[in-house]
Chemist: 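First, the structure itself, so that you have it in front of you.
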Amino acid sequence: MAVEGGAKCVKYLLFFFNFIFWLCGLALIVVGVLAKVSINATAILKGYTGSPLVVIVVGVVIFFIAFFGCCGAWKENQCMVTMFAVLLSIIVVIEIGAAIAGYVLRGKLTDALNKGFDIMITGYNETDNREAIDSVQKQFKCCGGNSSEDWSKTKFLAANSVPDSCCKNITKDCGVGAIKDANKIYIDGCLPIVDKVIKENILWIAVAALVIAFVQITGIVLSCILMRAIRSGYEVM
Ligand SMILES: *[C@@H]1O[C@H](CO)[C@@H](O)[C@H](O)[C@H]1NC(C)=O
Ligand SMILES: *[C@@H]1O[C@H](CO)[C@@H](O)[C@H](O)[C@H]1NC(C)=O
């Protein structure tokens with residue numbers, strides 16, 4: 001029967017793709033954890049993603065969702081397939097929220113970045129802020145938001161000092177007392193550079209978001225088809 005063939009096909013599609021996603025999630029977790037413990041990998045990862053912690057969190061989310069999808073499809077377990085569809089739907093709703101926020105705030109990007117830098121600089125004692133701004137400063141060879149002098153706003157460094165990540169040649173304490181020393185540090189701020197890079201990449205971010213949303217919505221549709229087939233007591237296998 002056509003329905004049997006179709007439902008079976010959906011089952012294996014869901015299984016196959018979720019198995020791949022599950023492996024990807026696992027790989028992200030492994031890479032993230034390795035980066036947490038290894039300095040070199042950390043430097044590389046941070047350049048691309050901001051923080052190994054972000055990689056681990058994304059990996060764990062993908063791992064769990066794909067696990068439900070993969071096992072649910074294989075065992076034709078309605079509960080797990082439902083869980084998969086619900087979790088995926090929640091992620092899609094969050095993404096839609098982020099996309100709307102992004103659209104609404106697109107004109108305020110510079111303002112938002114300004115605030116972001118301000119928060120990271122004045123809150124430099126918090127690990128997340130420190131890792132984020134250090135990686136930005138290293139990657140884009142810049143210092144502070146508008147200029148290196150922004151660092152005078154933080155209480156968490158010695159007077160007239162910048163983080164070592166501002167240095168042209170990074171060594172321990174190379175930023176101490178160097179807030180205006182253009183020989184030692186990059187004195188140009190990161191704000192204009194990051195602003196430009198984001199604006200240049202916004203098209204690709206939008207395309208990537210659309211592709212991801214398409215894959216996710218396909219996953220939700222397939223899982224609904226499979227759920228119906230399972231619920232109707234149909235022997236999918
Ligand atoms: C950082 O400093 C702020 C304000 O001084 C304080 O409230 C916060 O607990 C500190 N955080 C850490 C991780 O030390
Ligand atoms: C950069 O300069 C603008 C305008 O002078 C100011 O509003 C903003 O707070 C500054 N940004 C940072 C991170 O200091």
Side-chain angles (χ1 to χ4, degrees), residues 25 27-64 90-91 94-95 97-98 101-102 104-105 108-182 184-198 205:
L28 284 179
I29 296 172
V30 170
V31 169
V33 170
L34 283 181
K36 267 272 178 220
V37 295
S38 138
I39 305 297
N40 281 341
T42 309
I44 294 167
L45 255 192
K46 274 181 177 172
Y48 293 101
T49 59
S51 157
L53 196 61
V54 175
V55 178
I56 296 175
V57 170
V58 171
V60 168
V61 170
I62 293 176
F63 181 89
F64 274 106
I90 293 174
I91 302 280
I94 293 173
E95 284 167 352
V104 171
L105 294 175
K108 301 200 167 124
L109 174 67
T110 313
D111 279 355
L113 280 176
N114 239 317
K115 276 213 190 79
F117 273 102
D118 232 34
I119 291 169
M120 289 189 290
I121 289 170
T122 52
Y124 191 65
N125 61 332
E126 307 276 350
T127 312
D128 285 345
N129 291 336
R130 195 165 55 235
E131 287 182 349
I133 197 161
D134 278 346
S135 74
V136 168
Q137 293 189 145
K138 272 189 239 167
Q139 189 184 0
F140 296 111
K141 302 189 189 314
C142 53
C143 187
N146 294 319
S147 79
S148 59
E149 298 197 34
D150 288 345
W151 282 105
S152 59
K153 286 189 286 193
T154 191
K155 305 182 283 194
F156 304 107
L157 290 174
N160 296 321
S161 297
V162 294
D164 296 341
S165 55
C166 285
C167 295
K168 291 180 174 170
N169 187 2
I170 297 178
T171 53
K172 183 151 171 41
D173 293 335
C174 60
V176 174
I179 199 162
K180 288 179 182 168
D181 190 344
K184 271 186 162 171
I185 66 162
Y186 297 104
I187 53 173
D188 288 336
C190 300
L191 210 48
I193 303 176
V194 174
D195 197 56
K196 186 160 158 271
V197 168
I198 292 180
I205 294 172

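When a ligand or atom number is given, it counts from 1 through the structure's own listing order. Numbers for residues simply follow the sequence, beginning at 1.
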Chemist: Identify, by atom number and element, the atoms of ligand 1 in contact range of Phe156, meaning under 4.0 Å from any of its heavy atoms.
Modeler: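 Once the distances to Phe156 are compared, the set is 1 (C), 2 (O), 5 (O).
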Chemist: Would the SG atoms of Cys167 and Cys174 measure under 2.5 Å apart?
Modeler: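 Yes, because the SG atoms of Cys167 and Cys174 sit under 2.5 Å apart, which meets the disulfide cut-off.
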Chemist: Is the side chain of Ser161 donor-acceptor paired with the backbone N or O of Ala159 at a distance under 3.5 Å, no angle test?
Modeler: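 Yes, Ser161 side chain to Ala159 backbone: donor-acceptor pair under 3.5 Å.
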Chemist: Just jot down the side chain to side chain donor-acceptor pair (under 3.5 Å) partners of Glu149, sequence neighbours excluded, or say none.
Modeler: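 Glu149: no side chain to side chain donor-acceptor pair (under 3.5 Å) contacts found.
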Chemist: Would you confirm whether Ser165, through its side chain, and Lys138, through its main-chain N or O, come within 3.5 Å as a donor-acceptor pair?
Modeler: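 No: the side chain of Ser165 does not pair with the backbone of Lys138.
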Chemist: For atom 13 (C) of ligand 1, find the nearest protein heavy atom and state the residue, atom name and distance (0.1 Å precision).
Modeler: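 Going by distance alone, atom 13 (C) of ligand 1 is nearest to Glu126 OE1, 3.6 Å.
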Chemist: Which is closest to atom 6 (C) of ligand 1 by heavy-atom distance: Thr122, Asn125, Asp128, Thr127?
Modeler: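 Comparing heavy atoms across Thr122, Asn125, Asp128, Thr127, the nearest one to atom 6 (C) of ligand 1 lies in Asn125.
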Chemist: So which protein heavy atom does atom 5 (O) of ligand 1 come closest to, and at what separation?
Modeler: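 That would be Lys155 NZ, 3.4 Å.
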